[in-house]
Undergrad: 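Supplied in structure tokens, the structure appears directly below.
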Amino acid sequence: MAMDWICGPRSKASRRYTQRILAVMSVYVVCVLVVTWFVRSLLGAIAGVMAMSAFVDFLRSYNAIGALPPFTEFVVFWVLFGVVQGVQSVMYSADKGE
């Protein structure tokens, strides 16, 4: 035990606690990475939908186009969400040198 000289001998309970806390911390780190990936995709899709809405509203203000179909923003959001995730995958694999 490398830490015995600092903390004294470790009991069975402290070893079990250390194993459990390391397992929980590992799960936490994986969850943070997954949520970060998901949030980045959400932010990219939201930005795209807001840009589309601003552009469409600009054209509507000059009577250049009519109203969009009801589910257009919903469909565009999920399409952009997939595109952003694909771009993130390519960027992540490029960072790893693959």
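Atom set for the values below is all heavy atoms of this structure, side chains included, hydrogens, waters and symmetry mates excluded. In this text the structure is predicted, and so the values were computed from the model without any measurement.
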Undergrad: Less than 6.0 Å separating the ring centroids of F71 and F77?
TA: no

Undergrad: Within this structure, what is the OG-NZ distance for the pair S14 and K12, rounded to the nearest 0.5 Å?
TA: 11.5 Å

Undergrad: For S41 and Q85, which heavy atoms make the closest approach, and how far apart are they?
TA: OG-CG, 2.9 Å

Undergrad: Between E73 and S53, what is the shortest heavy-atom contact and its length?
TA: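 For E73 and S53, the tightest heavy-atom pair comes out as OE2-OG, 2.9 Å.
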
Undergrad: Should L43 and V90 be counted in the same cluster of Ile, Leu, Val, Met, Phe, Trp and Tyr side chains packed under 4.5 Å apart?
TA: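 In one cluster with L43: V90, no.
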
Undergrad: How many angstroms lie between atom CE of M52 and atom CG of L80, to the nearest 0.5 angstrom?
TA: 8.5 Å

Undergrad: Side chains of V84 and Q88: closer than 4.5 Å at any heavy-atom pair?
TA: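 In short, these two side chains touch, coming nearer than 4.5 Å.
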
Undergrad: Starting from Y62, can I reach V56 by hopping between I/L/V/M/F/W/Y residues whose side chains sit under 4.5 Å apart?
TA: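 Shared cluster, yes.
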
Undergrad: Are F74 and M50 linked, directly or through other ILVMFWY residues, by side chains that come within less than 4.5 angstrom of each other?
TA: yes

Undergrad: To the nearest 0.5 Å, what is the distance between CG on L22 and OH on Y17?
TA: 9.5 Å

